[in-house]
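Step one of this worksheet: look at the structure below.
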There are 2 protein chains.
Amino acid sequence: MSIEITLTPKEGKYLTYIYRKQVEGDERTTTTGLARSFRVNPATTTEILQKLAKKNLVEYTRYYGAKLTESGIVEAQKLLRKHRILEILLVEFLSYDSKKACEEASTIDHHCSEDLINAICRTYGHPKRCPCNKKIFSNSECRRQELTEKMLKKETIGDLND
Amino acid sequence: MSIEITLTPKEGKYLTYIYRKQVEGDERTTTTGLARSFRVNPATTTEILQKLAKKNLVEYTRYYGAKLTESGIVEAQKLLRKHRILEILLVEFLSYDSKKACEEASTIDHHCSEDLINAICRTYGHPKRCPCNKKIFSNSECRRQELTEKMLKKETIGDLND
DNA sequence: AAGTGAATTTAGGTATTACTTAAAAATGTT
DNA sequence: AACATTTTTAAGTAATACCTAAATTCACTT
């Protein structure tokens with residue numbers, strides 16, 4: 001198994017912010033850009049970028065900015081998947097409008113286990129898009145769990161017929 | 001409006017623990033009892049009890065123990081409501097077994113807004129019991145929100161008929 | 001190429017949460 | 001009243017997430 005990556009909530013938020021910037025075509029994310037978005041002092045941003053760099057999630061160049069590494073991209077996509085799957089639950093099942101759904105999802109996404117997200121994902125048939133039409137990245141584990149579930153059901157049915 | 005009560009996640013867990021003890025008939029909760037349950041040093045427990053006392057949620061007597069105040073009971077019930085409503089979602093909608101549901105609910109209950117909990121509560125028709133049959137405390141705000149929702153719907157229909 | 005102004009980083013600091021150990025104090029039990 | 005146990009206090013640690021002020025680097029202009 002690969003080495004565990006642990007992220008604090010804020011680190012996660014920075015990571016997904018950088019990811020979104022990158023998707024929009026920005027080669028790098030600057031300290032000031034982050035500082036403005038998160039309404040914090042640039043010094044705070046520098047600190048978090050350094051932590052993300054130490055965890056090998058961003059390639060950080062002093063005085064220049066940061067871009068995600070390969071595993072940074074993977075982590076960001078995992079987090080965005082959590083966020084977007086939650087949005088689906090909120091909109092589809094609880095009738096949230098997509099803006100409120102996004103806000104609420106933001107406060108809990110980091111705390112939700114992958115298991116929970118996968119359970120929602122399976123319930124909605126592995127959706128490919130969130131309510132605002134952004135991509136949801138597929139998760140092989142999630143599909144594997146579904147197969148396991150089905151096999152268990154078959155076994156149970158078998159037992160009943162014994 | 002009443003003064004805001006803010007609780008850290010751990011303070012919340014201590015509060016609901018004391019509540020449960022009280023329901024079971026225990027007049028007081030001791031430092032050692034808490035320390036054993038949370039697997040921490042008794043000194044840690046003392047500290048948290050003092051903080052809860054400062055927030056007027058427990059009546060804490062040195063060397064004796066703690067019991068909830070009126071507002072402590074209210075807060076504990078709010079937290080337990082969150083926890084139990086989440087359990088319903090996990091069990092009913094996502095097919096969790098009740099043990100796993102409890103574990104997962106514990107990791108997110110504190111972070112869920114009252115709005116989110118109310119939305120789930122309304123979806124399930126203001127359930128009175130969680131999957132393990134524990135009481136879910138009713139919330140007047142939650143029912144009020146439902147009435148508002150219905151009135152908005154009526155208005156919309158009215159508009160269409162204009 | 002040097003100077004300047006803006007962006008960025010470093011250094012040092014604060015507050016909060018949640019824990020620890022060790023020593024002091026209170027309790028209750030015989 | 002003495003002693004063992006429980007509990008508290010005091011002091012300290014580590015992590016998170018901020019800050020200010022000063023130093024550094026960059027980028028642009030002249």
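Small disclaimer: the values here were computed from a predicted structure and weren't measured. In what follows, chains are A, B, ... by sequence order, proteins preceding strands, each numbered from 1.
Atom CD in B:Glu47 sits about 12 Å away from atom P in D:dA10, given to the nearest Å. Rounded to an integer number of Å, the gap from CD of A:Glu11 to C1' of D:dA17 is 10 Å. Atom pair A:Ile48:CD1 and C:dT10:P shows a separation of 15 Å (rounding to whole Å applied). Going from atom CG of A:Asn41 over to atom C1' of C:dG13 covers 13 Å, rounded to whole Å. For the pair B:Leu52 CG and C:dT17 P, the interatomic distance rounds to 11 Å; values are reported in whole Å. Rounded to a whole Å, the OH atom of A:Tyr60 is 12 Å from the P atom of D:dT25. Here the P atom of nucleotide D:dT8 and the CG atom of B:Leu49 are 7 Å apart, to the nearest Å. If you take NZ of B:Lys10 and C1' of D:dA14, they are 15 Å apart, rounded to a whole angstrom.
For B:Arg62, the side-chain atoms get nearest to C:dA26 when compared with the rest of C:dA26, D:dT25, C:dC19. Closest contact between the side chain of B:Pro9 and the listed nucleotides D:dT8, C:dA18, C:dA11 involves C:dA18. The side chain of B:Thr44 approaches C:dC19 more closely than any other nucleotide in the set C:dC19, D:dT8, D:dT20.
Using a 4.0 Å heavy-atom cutoff across all strands shown, A:Phe38 reaches no nucleic acid atom at all. Backbone-only contact: A:Gln50 has heavy atoms under 4.0 Å from sugar-phosphate atoms and none from a base.
When ring centroids are compared, B:Phe93 and B:Tyr124 stay outside the 6.0 Å threshold.
Of the two residues contacting DNA chain D, namely B:Thr61 and A:Tyr63, the nearest-nucleotide position lying further toward the 5' end is that of B:Thr61. Looking at which nucleotide of DNA chain C each of B:Ala43 and A:Gly65 is closest to, the 5′-most match is held by A:Gly65.
Contact of B:Tyr64 with C:dT27 (side chain to base): no donor-acceptor pair of N or O atoms is detected under 3.5 Å.
Electrostatic pairing of B:Arg144 and B:Glu141 counts as a salt bridge here, judged by a charged N lying under 4.0 Å from a carboxylate O. The existence of a salt bridge linking A:Glu11 and A:Lys55 is confirmed by a sub-4.0 Å separation between a basic side-chain nitrogen and an acidic carboxylate oxygen. Of the charged side-chain nitrogens involved, none lies within less than 4.0 Å of a carboxylate oxygen, so that A:Glu87 and A:Arg84 do not count as a salt-bridged pair.
One finds no side-chain N or O of B:Thr30 lying less than 4.0 angstrom from the OP1 or OP2 phosphate oxygen of D:dT6. For the OP1/OP2 pair of D:dT8 and a distance below 4.0 Å, the side-chain nitrogens and oxygens of B:Thr31 include at least one atom meeting the criterion.
Looking at A:Gln22, its side chain does come within 3.5 Å of a backbone N or O of A:Leu68 through a donor-acceptor pair.
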